[in-house]
Amino acid sequence: MAANSVKTNTVKTNPTNLMIIKNGYVFDPLNAINGEVKDIFIKDGKVVSGLSGPETRDATVIDARGKTVMPGGVDSHSHVAGAKVNAGRLMRPEDHYRSVRKKTDLTHSGSGYTVPSVYKQGYDYAAMGYTTVFEAAMPPLEARHTHEEMRSTPILDMGAYMVLGNNWFVMRYLKEGDIEKAAAYVAWMMRTHKAYGIKCVNPAGVENWGWAKNVRSLDEPNMHFEVTSREIIRGLAEVNEMLGLPMSLHLHANNLGHPGNWEVARDSLMITSALDPKSKTDLEWAETKESARRKQTVYLAHAQFSAYGGSSWRDFCSGAPELTKYINQVDNVVIDSGSVPFGPATAMTGDGPAIHDLYTLTGQKWSNCDIEMECGSGVISLAYFKSSPVHSIMWAVGLEVLLLVDDPWKTIMTTDHPNGGIFTQYPQLITWLMSKKARDDTAKECHKWAYEKSSLGGVDREMSLYEIAILTRANSARTIGMSYRKGHLGLGADGDVTIYDLDPTKLNVNDSKNLISRLSRPDYTIKDGQIVARQGEVVAVPEGRRYYCQPYVDETVEKEMMADVKDWFKYYTVGFANYPVPEKYLKNPVAIPVNMPLEAVARR
């Protein structure tokens with residue numbers, strides 16, 4: 001970034017990969033820029049310090065005077081690709097009538113409201129100002145399907161977290177206390193299936209679900225493997241740090257969605273408190289930026305669903321004040337919210353028993369799948385109503401887990417799309433976070449439990465645009481170890497920029513309708529220095545990247561582990577040779593080497 005230099009009130013577009021964004025109010029928390037008027041220069045898809053001479057004449061120039069400029073949005077937890085997402089599309093034909101994108105000369109047609117088709121979700125994210133989205137749960141056996149759907153998703157840079165919390169090999173090695181073999185297995189699996197991070201869903205419980213059972217505490221051993229949730233969480237967190245992965249363990253806690261579960265969530269977070277983060281992938285840029293370094297050892301997914309109080313649905317209440325009190329006391333935890341903005345949703349998760357419990361409560365259409373030796377999943381159609389006492393509390397909890405955490409660098413705003421709501425409702429969430437009046441107005445439409453059984457009514461905090469940039473860009477990028485190129489507008493960052501028609505000096509956060517409208521359809525979404533959306537209309541469809549990690553361990557340990565795996569593979573329904581995901585399944589693959597031994601470097 002550099003000081004203002006050229007005055008223009010028009011957009012001058014040239015067919016070069018050069019861009020100048022002028023005079024905007026820039027919000028870039030990773031570089032501690034809070035609403036300063038700055039110019040941003042982009043060359044060959046990257047932010048540079050400036051352009052000069054012929055470059056200035058040949059650049060696309062956007063005058064952002066009186067407007068808000070942020071890095072492109074980064075969604076670190078969404079369900080947008082894979083078998084369970086496709087199951088949601090198949091089981092909900094009525095969902096496709098709610099929202100349709102017509103085919104144009106540039107774009108494919110698409111449909112789907114809570115579970116959009118792959119083309120439509122790419123266009124919808126880009127139209128809303130997001131350029132990077134990570135799939136939160138990829139079963140290894142269904143990794144090819146996941147990568148195929150990400151390959152077909154336009155514009156977005158993407159990656160996927162691999163589900164390992166109930167994997168037979170992981171449980172076996174952890175029960176034996178062989179952390180080195182567990183690490184070797186995880187490293188091999190991530191390379192094999194082109195995964196980015198480790199996801200742990202209802203550890204030890206989903207394996208029991210194959211026999212219609214679950215686990216109800218962190219220290220209850222599961223069947224057959226006799227390993228506890230505590231042992232799996234601690235073991236996978238240790239593996240994560242041994243491998244030096246760019247993001248910490250992504251945890252979906254036990255007892256999800258049940259009254260009183262905030263204590264299990266808190267106790268689960270405490271398990272990793274003694275670990276030191278050892279990420280080695282933030283590159284040179286992060287070495288000079290203290291705010292860019294990963295500090296957490298556990299990333300709690302969709303905290304709203306794990307922040308419930310009470311002992312039953314009759315005395316159900318918010319447990320967010322208690323859970324966030326713990327989060328405020330420690331430095332190793334980050335959460336995403338999984339907020340509930342009301343309306344239709346589709347619950348889909350690797351937590352099969354949790355979805356079955358929802359089915360028994362609601363009687364809605366339900367799908368269940370057990371994925372051999374690896375994990376399970378469930379899908380159910382849902383709708384959240386303001387008239388429902390339970391749903392009203394869930395709405396309040398989804399805001400409390402963000403507003404009650406003092407340090408915004410510990411929080412990320414999501415809806416756990418499409419579980420709590422759909423990603424296109426993010427502007428509504430932002431409005432509630434920025435305006436107490438907006439929250440109070442919504443609470444008047446809700447069941448009285450929303451404020452009676454939560455602390456939200458007494459929360460006066462109103463987030464600033466700077467804090468919103470942390471929750472939707474800077475911290476999500478830092479949390480997943482992408483802050484050397486995503487979530488900021490410093491030198492070397494990807495040229496991903498969102499320009500909102502919002503003047504921060506004249507912003508009225510209590511004009512909810514206007515704020516939602518401006519956030520829903522930014523003036524510009526820019527991807528790698530190219531305008532991809534203009535006021536909600538997709539104007540370019542570049543191909544996104546697909547990120548995955550390549551962790552390595554000692555070759556001797558890996559050879560011993562592979563002998564075990566090949567022996568057990570006779571129980572799989574696919575042959576060992578057909579198990580890996582070839583790189584050809586990925587469009588524009590970006591491999592991130594982690595802890596690579598010198599001999600492995602020499603072979604590359």
Side-chain angles (χ1 to χ4, degrees), residues 1-2 19-49 62 64 67-78 125-134 155-159 282-283 285-286 289 291-293 336 408-409 411-414 423 426-427 430 463-502 504 518-519 522-533 542 544-545 547:
M1 289 183 237
M19 178 175 285
I20 304 172
I21 302 168
K22 302 183 54 55
N23 305 320
Y25 292 100
V26 176
F27 293 87
D28 181 6
L30 280 169
N31 287 294
I33 297 172
N34 185 2
E36 298 175 35
V37 176
K38 295 275 187 179
D39 290 355
I40 299 169
F41 302 93
I42 302 173
K43 180 178 180 180
D44 297 328
K46 296 287 186 179
V47 177
V48 295
S49 59
I62 299 175
K67 297 180 180 181
T68 293
V69 178
M70 293 184 183
V74 179
D75 195 342
S76 60
H77 185 117
S78 189
Y125 260 115
M128 194 180 62
Y130 275 69
T131 58
T132 305
V133 178
F134 274 69
I155 304 174
L156 304 177
D157 288 349
M158 304 182 77
D282 273 356
L283 305 185
W285 185 82
K289 299 285 184 181
S291 62
R293 297 193 182 106
D336 69 61
W409 288 101
T411 58
I412 298 167
M413 188 197 76
T414 70
F423 64 80
Y426 285 177
I430 293 172
M463 288 192 173
S464 65
L465 286 171
Y466 187 77
E467 290 175 306
I468 295 301
I470 294 174
L471 269 61
T472 60
R473 286 143 166 89
N475 196 37
S476 44
R478 186 181 76 169
T479 294
I480 61 175
M482 295 292 290
S483 56
Y484 60 93
R485 67 183 304 165
K486 298 292 185 183
H488 75 102
L489 298 172
L491 298 183
D494 288 352
D496 297 359
V497 187
T498 309
I499 303 174
Y500 296 105
D501 188 12
L502 289 170
R518 300 299 176 92
L519 292 169
D523 261 16
Y524 296 92
T525 302
I526 298 160
K527 174 74 166 57
D528 294 325
Q530 180 181 14
I531 299 171
V532 296
R545 305 176 187 86
Y547 296 101

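Index from 1, following the sequence.
- Note: Y130 and Y125 have tilted aromatic rings, judged against thresholds of 30 and 60 degrees for the angle between ring planes.
- Here the shortest heavy-atom pairing between I33 and V26 reads CG2-O, 3.4 Å.
- Under the 3.5 Å distance criterion, the side-chain polar atoms of N23 are left unmatched by any main-chain donor or acceptor of D39.
- Taking a 6.0 Å sphere around NZ of K67, one finds it holds more than 12 heavy atoms contributed by other residues, nucleotides or ligands.
- Side-chain atoms of F423 and V133, non-hydrogen and from C-beta on, never get closer than 4.5 Å to each other.
- S49 and F41 make their closest contact through O-CD1, 3.6 Å (heavy atoms, listed as atom of the first residue, atom of the second, distance).
- A salt bridge (Lys or Arg N to Asp or Glu O under 4.0 Å) with D528 is found for exactly one of R485, R545, K46, namely R545.
- Distance check, rounded to the nearest 0.5 Å: CD of E467 to CG of N34 gives 9.0 Å.
- Smallest separation of non-hydrogen atoms from Y466 and A32: OH-CA, 3.6 Å.
- Using a 4.0 Å cut-off between charged nitrogen and carboxylate oxygen, D157 and K486 count as a salt-bridge pair.
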I480 and F134: side chain to side chain contact (heavy atoms under 4.5 Å, CB included), yes or no, with the steps? CA-CA 9 Å; I480 61 175; F134 274 69; 3.6 Å; yes
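- The distance from the CD atom of E36 to the CG atom of N31 is 10.5 Å, given to the nearest 0.5 Å.
- Looking at V532 and P542, their side chains come closer than 4.5 Å, going by heavy atoms from C-beta outward.
- T479 contributes atom OG1, which lies 9.0 Å from atom CH2 of W409 (distance to the nearest 0.5 angstrom).
- Separating the CD1 atom in I526 from the CD1 atom in I531 is a distance of 5.5 Å, to the nearest 0.5 Å.
- The heavy-atom pair separating A127 from A533 by the smallest distance is CA-CB, 3.9 Å.
- The two residues L30 and S483 make their nearest non-hydrogen contact at CD1-CB, 3.9 Å.
- Here the side chain of S476 pairs a donor or acceptor atom with the backbone of V74 at under 3.5 angstrom.
- Considering only heavy atoms from C-beta on, T68 comes within 4.5 Å of M70 through its side chain.
- Taking 4.5 Å as the limit, some side-chain heavy atom of P408 sits within range of a side-chain heavy atom of L471.
- Atom CD1 of I470 sits about 8.5 Å away from atom CE of M463, to the nearest 0.5 Å.
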Show, in sequence, the C-alpha distance, side-chain angles and deciding distance for T498 and R473, and conclude whether the side chain to side chain donor-acceptor pair (under 3.5 Å) test is met. CA-CA 10 Å; T498 309; R473 286 143 166 89; 3.3 Å; yes
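- In this structure, the side chains of V37 and Y25 come closer than 4.5 Å at one or more pairs of heavy atoms.
- Within the 3.5 Å criterion, the main-chain N or O of A126 finds a donor-acceptor partner in the side chain of T525.
- In plain terms, the two heavy atoms of G529 and I42 that are nearest each other are CA-CG2, 3.7 Å.
- Between the CD1 atom of I62 and the CD1 atom of I499 there is a distance of 4.5 Å, given to the nearest 0.5 Å.
- A donor-acceptor pair under 3.5 Å is absent between the side-chain atoms of D336 and the main chain of T414, judged by distance alone.
- Counting heavy atoms from C-beta on, the side chains of I468 and L519 never come closer than 4.5 Å.
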